[in-house]
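Reading through the structure tokens given below for one structure.
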Amino acid sequence: MSNNIDKTYDPAKVEDRIYAEWMEKKYFHAEADCSKKPFTIVIPPPNVTGQLHMGHALDETLQDILIRYKRMQGYSALWVPGYDHAGIATQIKVEEVLRKEEGLTRYDLGREKFLERVWDWKNKYGGRIVEQLKKLGSSCDWDRARFTMDDGCSKAVKEVFVNLYNKGLIYQGSRIINWCPHCITALSDAEVEHAEQAGHFWHIKYPIKDSDNYVIIATTRPETLLGDTAVAVNPEDARYTDLIGKMLVLPLVGREIPVVADEYVDKEFGTGCVKITPAHDPNDFEVGKRHNLESIRVMNDDATINAHGGKYEGMDRYEARKAIVADLEEQGLLVRVEEHSHNVGQCYRCGTTVEPIISKQWFVKMEPLAKPAIEAVKNGETEFVPERFSKTYMNWMENVFDWCISRQLWWGHRIPAYYCDECGEMVVSKTEVEVCPKCGAHMRQDDDVLDTWFSSALWPFSTLGWPEKTEELDYFYPTSVLVTGYDIIFFWVARMIFSGLEHTGKSPFKHVLMHGLVRDSQGRKMSKSLGNGIDPIEIIDKYGADALRFTLATGNAPGNDMRFYNERVEASRNFANKIWNASRFTLMNLDITENKLPAVSELRTEDKWIISKYNRLVKEVTDNLDKFELGVAVAKLYDFIWDDFCDWYIELVKPRLFDKEDASGKTAQYVLTYVLSNTMKLLHPFMPFITEEIWQHLPHEGESIMISDWPAYDAALDFAADEADMQSVMDAISAIRNRRAEMNVPPSKKAKIIIVTDKKEVFANGAAFFERLASASETVVQADKSGIDANAVDIVTADAQIFLPLDELVDKEKELARLREEKKRLEAEIKRVEGKLSNEGFVSKAPAKVVEEERQKGESYKAMLEKIEESIRSME
RNA sequence: GGGAGUUUAGCUCAGCUGGGAGAGCGUCUGCCUUACAAGCAGGAUGUCACAGGUUCGAGCCCUGUAACUCCCACCA
């Protein structure tokens, strides 16, 4: 310990030094230690491409709070760490750089060269986000962080793929999938965002074969006309019954297409006739299957028109749309154009409008996987916090579609399927297959890679060494908690749960703690395109990591969104500053070198008061943390430290500390130290740096607060009677301050105080406090009202009547008015209480405790009223 | 269309299983009181969205209404 602590609180100075110390001592290291219980947290792998954003900071903060708490409770707390994932974002980022700096595309480089670039990029920037997380105080052992593209994880991915394939849960199939022409890849449904877009509704004539007649169809995507293979009407639609089975002539193309009847068509919408393009629309695809229609794909992967488009070949889809509409108009086939706003799917990464395209892709069959995943949440194997998110989860799981897992990217886990071009054989294998088992020809691996979330879904066990039976896997799995935002329930959480169940037989975590999104001060989602993102690092530089963490943990309930205001961080920083100064005060007055609690017999009422309050705080904070009520816990700590400890206890104890002759000064020092250092422990998970700094300066045992023991509730430290006594004195002090402020009496003007009370001893013990805290020049405590000036200011509290002889300042009329006002208020209260107590229903049905409380209140009010009435009489 | 959420002080939000409405910020008044002006002391401000219901008692439970938000599915 050392009494030298900087005069001013400078977070940057403290935080950098302390983190370095922690790193040096390797406190973050966790290993399977069978003498302890495991506590494992799964973290979302931060993305290698991105800057740390507020969402990460929130994830990180909440996780770190839990980890630090559990570590202090003696758990072997492991953070399943990792960074980067085999995500499309990484590839796009590198492609972007490539295009900007060298004017090249990935195709110019070729697969191998391109992947080298990505690895370079990863090696150069992969650690960047980790460095940023460290500034936040992350107690993760980043040295053991895994990377999803590492060998171990790749092995797990292959294992899973092959297992699922062999069980028939992975299949290849033609499907309409969402295609991003910009990323040139398939997207899963979850990766498509829908946005309202203004568009047009083109009404087009389709001539009936061998007739001058025609039908009118309406479409929002006229370019898909090129791939039409039918027109559908509702079988119930009287307007079109005779048309069913007839042939139409497809405009511009000349192909003959049938009119089919299908329930899918809504009679009321549009014209009641729908063009059917099985290759470019999911619903049409289904219709096509029912009527055995041909699927004609008219677009290339980059959404340009292909050879089936005739004269439109090579045009971009939007160019083609224009050209087709113009040609239709020229031929008089365009009836009219309506304004029409409709929902358009967009790629969630790049925002490009997705194109539904028929394509051969790999799918995971979801139904058999979803069943146990639903069961695991139903039977409580995994619990969502707050609980309502389980409904969101169920809703999705119960209506889940097969999951398209192939991505036409190069960066990622390559699909372990091998094809023989000679005989058409396909082999799925964990190990590379070069020779066709059938014909002996060379085999080539599938070009596609797996969806990011396919490997991310394995995170909880692949990072622990699965499929090997490692000691770590055995000890740490299933994990304890997953902390994440509700926005990735479907992408990630759900998929981790069914993957864990399928491959390990256990749901990967016990609790899923959901938090909300961090929004800007106007409530908007933070995003790059809006430019409203707040950089956590800037905030840390300005206010400190402790202040940021405190802000993120505070003032919002789990799962609710949070608006981010600098003012809130400022308030947190002020709190840190308050702690700093209270500690500085404590240290300045310390000449003890050990941290222990004095014998109860030496403790004064105020000592017992703060100890008792502290003791209850331990219990409550522990309870709250166990229930993941982090915000509640931190609010209690804030109130205790600021109000009880700083504003009251320190002030109460000052005279004892300053008077070197007073032997009880030493007791006060012990109490200050004890309460402060233990409170620092309780606060440590939230504000790790400042608490470490202060704890180190105070008398302590052990090397670091982060490996110290979590405080325990001690029934022997519960001093209810002393708490109540102290409260009586504090109430009196507050009442006096209040009166003086109302009367504009400056603090410099001291006055004699006469306290008339039944609790003479209590107030006599506290007499000294009135001089310091209530501007008393002298304090007299007596049982009756003898010798009191009739003009004295009169203050009534529950346990005392206090008189201040300030006659020259007293405006008699005003004083009387105030007393009458007070009388009215008390009478109203008494009436309310009596109303309750005379209500038989209340007395007989309410819990005895509540009734007794009301009764006591009533008596206390009555006593006060009596005193007031007396005062009024004597003044009059 | 299906699901979830929100509505409490000027602003941002707490309010745990029903038992006299809270915090931070802002605001007003008075204080540089030897830890802290990033502070101290004191004050003001609420038909807890609305309407019913259950209950001795409702911000909290039930039903309905309104406004807003998010997620999922979507009509060509």
Side-chain angles (χ1 to χ4, degrees), chain A residues 5 7-9 189-190 194 201 217-221 224 232 264-266 268-277 281-284 287 340 342-343 345 388-389 391-392 394-396 399 401 486-487 489-490 516-517 521 523 525 543 551 554-557 559-565 567-568 570-589 623-624 627 629 631-632 635 638-639 646-647 650-651 654 658 734 737-742 744-748 772-775 829 832-833 836 839-847 849-851 853-854 857:
Chain A
I5 187 165
K7 189 153 188 254
T8 50
Y9 167 56
D189 290 335
H194 292 269
F201 214 16
I217 60 92
T219 179
T220 55
R221 293 190 299 155
T224 61
Y264 152 70
V265 181
D266 179 354
E268 311 300 324
F269 190 86
T271 60
C273 295
V274 185
K275 61 196 261 330
I276 300 297
T277 324
D281 183 282
N283 290 309
D284 293 6
V287 175
H340 182 73
H342 57 147
N343 268 324
R388 67 179 136 93
F389 285 105
K391 291 184 205 161
T392 310
M394 290 293 182
N395 202 270
W396 188 74
N399 303 296
F401 292 94
Y486 61 73
D487 50 334
I489 286 186
F490 310 127
L517 306 177
S521 58
K525 212 166 163 173
Y543 301 104
T551 307
T554 265
N556 96 313
N560 288 358
D561 288 353
M562 171 195 304
R563 296 196 191 195
F564 196 90
Y565 284 85
E567 289 87 335
R568 288 189 55 215
E570 218 168 287
S572 305
R573 190 272 320 266
N574 293 353
F575 177 54
N577 188 54
K578 188 75 183 173
I579 294 169
W580 188 266
N581 280 299
S583 308
R584 209 156 62 82
F585 174 83
T586 303
L587 287 165
M588 277 165 65
N589 293 287
D623 277 358
N624 290 136
K627 288 192 270 179
E629 295 164 350
V632 179
Y638 182 95
D639 289 345
C646 292
D647 290 346
I650 285 184
E651 294 304 327
K654 272 179 179 173
F658 295 164
S734 292
R737 284 169 172 172
N738 186 333
R739 277 304 290 136
R740 290 179 56 107
E742 266 177 37
N744 289 321
V745 186
S748 53
R772 181 160 195 101
L773 304 177
S775 300
E829 287 296 334
R832 190 188 62 76
V833 172
K836 260 191 161 179
N839 180 336
E840 208 187 308
F842 176 74
V843 179
S844 60
K845 289 183 184 170
K849 194 181 153 220
V850 176
V851 177
E853 270 170 20
E854 285 297 319
K857 272 184 221 161

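All chains are named by letter (A, B, ...) in the order of the sequence lines, taking the proteins before the strands, and each is independently numbered beginning at 1.
Distance noted for atom P between B:G18 and B:U12: 29 Å (whole Å). The gap from the P atom of B:U45 to that of B:A51 amounts to 23 Å, rounded to the nearest Å. Nucleotides B:C16 and B:A37 place their C1' atoms 36 Å apart, quoted to the nearest Å. Spacing of P atoms, B:U63 relative to B:G5, comes out at 12 Å, to the nearest Å. Here, B:C71 and B:C28 have their P atoms 41 Å apart, quoted to the whole Å. A gap of 23 Å separates the P atoms of B:U54 and B:A21, to the nearest Å.
Counting all heavy atoms, side chain and backbone alike, A:T271 lies closest to A:A218 at OG1-N, 4.2 Å.
We find that CG of A:N399 is positioned 13 Å from P of B:G2, with the value rounded to whole Å. Taking atom CD of residue A:E570 and atom P of nucleotide B:U12, one finds them 18 Å apart after rounding to whole Å. Taking atom CD1 on A:I489 and atom C1' on B:G5, their separation rounds to 12 Å, with Å as the unit. When the C1' atom of B:G15 is taken as reference, atom CG of A:N624 falls 13 Å away, rounded to whole Å. Summarising the geometry, the separation between CD on A:E567 and C1' on B:G24 is reported as 11 Å, rounded to the nearest angstrom. B:U55 atom P lies 18 Å from atom NZ of A:K836, rounded to whole Å. Rounded to an integer number of Å, the gap from CZ of A:R568 to C1' of B:G26 is 15 Å.
Between the side chain of A:R584 and the backbone N or O of A:I5 there is no donor-acceptor pair closer than 3.5 Å.
A search for side-chain contact (heavy atoms from CB on, under 4.5 Å) contacts involving A:Y638 returns A:F550, A:F575, A:W642, not counting sequence neighbours. Residues satisfying the side-chain hydrogen bond (donor to acceptor under 3.5 Å, both in side chains) test with A:E853, not counting sequence neighbours, are none. Under the rule for a ring-ring contact (aromatic ring centres under 6.0 Å, His included), A:Y543 has no partner lying at least two apart in sequence or in another chain. Scored by the ring-ring contact (aromatic ring centres under 6.0 Å, His included) test, A:F201 finds A:H203, A:F269, A:H340 as partners (sequence neighbours excluded). Listed by chain and number, the residues in a side-chain hydrogen bond (donor to acceptor under 3.5 Å, both in side chains) with A:R737 amount to none (sequence neighbours excluded). Remark: A:Y486 engages A:F389 in a ring-ring contact (aromatic ring centres under 6.0 Å, His included) (not counting sequence neighbours). Residues satisfying the side-chain contact (heavy atoms from CB on, under 4.5 Å) test with A:M394, not counting sequence neighbours, are A:I374, A:V377, A:K378, A:E398. Partners of A:N560 according to the side-chain contact (heavy atoms from CB on, under 4.5 Å) rule, which considers only residues two or more places apart in sequence or in another chain, are A:R388, A:N556, A:A557. In this structure A:A635 satisfies the side-chain contact (heavy atoms from CB on, under 4.5 Å) test with no other residue, sequence neighbours excluded.
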Pairwise N/O distances under 3.5 Å, protein to nucleotides 67-76 of chain B:
unit_1: B:C74; atom_1: N3; unit_2: A:N343; atom_2: ND2; d: 2.9
unit_1: B:C74; atom_1: N4; unit_2: A:N343; atom_2: ND2; d: 2.7
unit_1: B:C75; atom_1: OP1; unit_2: A:N283; atom_2: ND2; d: 2.3
unit_1: B:A76; atom_1: O3'; unit_2: A:T220; atom_2: N; d: 3.4
unit_1: B:A76; atom_1: O3'; unit_2: A:T220; atom_2: OG1; d: 3.4
unit_1: B:A76; atom_1: N6; unit_2: A:D266; atom_2: O; d: 3.0
unit_1: B:A76; atom_1: N6; unit_2: A:F269; atom_2: O; d: 2.5
unit_1: B:A76; atom_1: N1; unit_2: A:D266; atom_2: N; d: 3.4

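Out of B:U29, B:G15, B:G19, the shortest distance to the side chain of A:A557 is found at B:G15.
Contact annotation: the side chain of A:M562 never approaches that of A:T551 to less than 4.5 Å [non-hydrogen atoms, C-beta and beyond].
Contacts of A:N560 with the nucleic acid, taken as non-hydrogen atoms under 4.0 Å apart, involve only primed sugar atoms and P, OP1 or OP2. Within the 4.0 angstrom heavy-atom criterion, base atoms lie near A:K857. Heavy atoms of A:P847 sit under 4.0 angstrom from at least one base atom.
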(request) Kindly express the pairing pattern of RNA chain B in dot-bracket notation, using | wherever a base pairs with another strand and counting only Watson-Crick or G-U pairs under 3.5 Å. (result) (((((((..((((.....[..)))).(((((.......))))).....(((((..]....))))))))))))....

(request) Treat primed atoms plus P, OP1 and OP2 as sugar-phosphate and everything else as base, then score nucleotides 32-43 of chain B 5' to 3': B for base contact with protein heavy atoms under 4.0 Å, S for sugar-phosphate contact only, - for none. (result) ---BB-BSSSSS

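OP1 or OP2 of B:U12 lies within a sub-4.0 Å distance of a side-chain N or O belonging to A:R563.
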